[in-house]
Amino acid sequence: MPEVTQLRKEDQSGIFEIISSSASELKNEEFQQQLQFGIAPADKIKARSPLNHKKASSRWRTFLCAYQTLGVVFGGLATSPLYVYPGIRVTSPDENDYLGILSIIFWTLTSIGLVKYSLIVMHADNQGEGGTFALYSLLCQHANIGKTASHGKQDKKRVPSDITTAMANQKGSGVQALIKSTLEGSRTAQTLLHAVTIVGACMLIGDGIFTPSISVLSALVGIKTNVSSISQSLVIWCSAVILFFLFILQRFGTKRVSFLFSPVMAAWLVTTAIIGTYNIVVHYPTIFKAIAPNYIVTFFWKNGKQGWFMLGGTLLCVTGAEAMFADLGHFDRISIKVAFMSMVYPSLVLTYAGQTAYLIKHPQDHVQGFYKFIPSSIFWPMLVISTLSAIVASQSIVSATFSLIKQSIALDFFPRIKLIHTSRDKEGQIYIPGINYILLILCLAVVFLFQDGTQISNAFGVAVIMVMFITTGLFTLVMLLVLHTPLPVALIFFTYFGLLEGLYVSAVLIKIAQGGWLPFSVAIILSTIMFSWNYGRRKTREYEMEHEMSFDNLDHTLSDSSIQRVPGFCFFCIEAGCCLPPIISHYINNMRSLHKVTILTTIRYVPELEYVPKEKRLLVERIWCRGVYSCEAQYGYKDMIDVEGEDFMSRFVESFGQNIIRMKQQEQYAVYAGEEEEHCFPSEFLGTKIPDSEGKSSPATLAITRNEERELEELENAKMAGARYVLPKVLLKTSKESGWLNRIFLGQLYSFMEHNSRSTTAVLQVPYAKLVEVGMTYEI
């Protein structure tokens, strides 16, 4: 029988507070379980679920978010009429040429924008995030692909995505199982998938460089349509000034920027649709006959190879379509769909139809195809709207770039940098100062380097179609391995969009010498950074797992009389995935001491929550050795990480007390009636009862043993002695036997990035007076 004791009065109050808080948690959990299984009391359900009010509120919120998406998500796609016809470079066009071009634009916009992204791909979110990394993460969650120690375990506390909720229990066919086993068993296949994901992400970031440049430059070039005396250099400098202020505005956050930009984009979509309708009525009322695909056949039959070259210009009609998927972290899927189907898509169809109707009657005006189709009486107001809209167009891909960098950091593809959450309502709305200023510098470099929208459009087209082509391949794998889509359906998806986008890829690759080299250069540089960082992180975790300190070894080391136990708390920060990394042994053997209370602390973000309640923030467990504990500190995306001070130590002691109570509740300690030294806690505080020997419900009791009381006293004494914080600093060193690739990627690139990335000290905000950094070299 365990030895039990009566607690002092001052200890009893603290423990009873712990039990009371635990009771409220359990009662709430009990109600949630009752609600889940349909046995909750009707009055409680009615009180807690005002469905009509929620539906009305949700409907208005959807429309509001849809309005906001206009200024953030759809800028690039909505302003594409500015540069599509100038980028086609058709020679001696006639009516059939323009009808064929409009047919190509319509079916490309409908196939890729409406069907592929709006109706299909946007459903493949990963915790509300989109983009190539989201697809890769889904594949890693449902197959043993690229899993590491820290990412290999599925987090049960996470809110499941639509895919994991709807498809988790479905089973795949034999072909799908074969594909999964091939990916899991082939190192080459995993490396290829890894590389393709990185290239797709880097191309999207490259898109974030070209979209602002071509949008602003194409809008300002319209001034020369009416004022021929304005020089190109003046247009370039004006574009540079506008780009500068655009990136300065990013610091105010997506929500504020969207409220500023959304009215501009709404005005653009309405006015261009009206002007398009006017041109249709005046110049070519039967223009919509071009929807018939036979005009595409006629176009290629007549133009042959030249028609294939012109595909690089028509491709630009779907620039920004990828942002619908990549910006899922900033807005919800329903809002993006509502905005696209109700405003963006109809406006684009009318605008392109109106442009084509005008050009059929004025075939040589295609070089300035947008500004020429605007009636002269409203030219200057439209110039102002188009310039403002071009500024807005840059926002969609800039926001998508921020989301992509955030995902890459979470997946260990990018070094740690400063992220600022700009919204309390949406976790994905972020601002990254360092990336913002790098994009600004690169955009200005592109404008001053090319000085012309034609060459920028060549580079732009390469980046756009490569991202889409890679997304098609990754999503096909998601359909097979995650969605468990029937194989014929997945093949139809891949065949149609693969052939369509493959045709566009072949058309833009011939333009590498005319500017298409730039996105490949950007992708190579960014891919090298991402590969080096990810490779270094994987090698670090592999080393820690191979050299992990065992509990027996730790117990044996601490039993050495030469190892002193220092009074006080010691928060030893470690990464998830390795319980006892080798740096702990390194620290003890060199310092010859360890604090009496040593807490192996892991910081974990809960991305679904804005704030994690303080009473639920710490998950504490006792480790094998006395005085050594494991603590996982959970923080929401708006929480300020604060592990310093007496408040954090008090929460740790309280969480440990809660852990004791919960363990005893699970074990259902027997009631030792009549023993005077026993102090019993009625289980009514915990909301549970244990049947007695006669089968009747009677209050159960929980008892605190003497050892547990002494342990709590030791924690209180250690709290009074203060705390120190130990932060590991690992240096990777390549051995002499390492190959030249390891020496370059690990010894040079990774070491440089690790040295210059954001330190753990900056994240934890620990005072330097209480901080101890422990360095250790891992030889790879």
By side chain to side chain donor-acceptor pair (under 3.5 Å), R537 pairs with (sequence neighbours left out) E575
With the threshold set at 4.0 Å, does a side-chain nitrogen-carboxylate oxygen contact exist between E713 and R710?
-> no
Only counting residues at least two apart or in another chain, list the ones meeting side-chain contact (heavy atoms from CB on, under 4.5 Å) with I409.
-> I405, F414, I417, L419
Listed once per pair and sorted, the salt bridge (charged side-chain N to carboxylate O under 4.0 Å, His left out) pairs that draw on residues 746-755, sequence neighbours left out | R416-E754
Listed partners of V774 passing side-chain contact (heavy atoms from CB on, under 4.5 Å), at least two apart = I583, H586, Y587, V726, V772
Residues that T734 engages under side chain to side chain donor-acceptor pair (under 3.5 Å), provided they are two or more places apart = none
Can you sort out the partners of H556 under ring pair (Phe, Tyr, Trp, His ring centres under 6.0 Å), two or more places apart, ordered by chain and number?
-> none
Which residues satisfy the side chain to side chain donor-acceptor pair (under 3.5 Å) test with E184, sequence neighbours excluded?
-> none
For residues 742-749, which side-chain N or O atoms pair as donor and acceptor with protein atoms under 3.5 Å away, sequence neighbours left out?
from : atom 1 : to   : atom 2 : distance (Å)
N742 : OD1    : Y535 : OH     : 2.7
R743 : NH1    : S738 : O      : 2.6

What pairs with Y629 under ring pair (Phe, Tyr, Trp, His ring centres under 6.0 Å), at least two apart in sequence or on another chain?
-> F652, F656
Judged by atom type as modelled, is there a donor-acceptor pair below 3.5 Å linking the side chain of N436 to the main-chain atoms of F247?
-> yes
N589: side chain to side chain donor-acceptor pair (under 3.5 Å) partners, not counting sequence neighbours | S585
Which residues satisfy the side-chain contact (heavy atoms from CB on, under 4.5 Å) test with S561, sequence neighbours excluded?
-> none
Using a distance-only test with no angle check, is there a side-chain donor-acceptor pair under 3.5 angstrom linking R592 and S562?
-> yes
Could you list the residues that satisfy side-chain contact (heavy atoms from CB on, under 4.5 Å) with I438, not counting sequence neighbours?
-> L442
N/O donor-acceptor pair under 3.5 Å between S735 side chain and E779 backbone = no
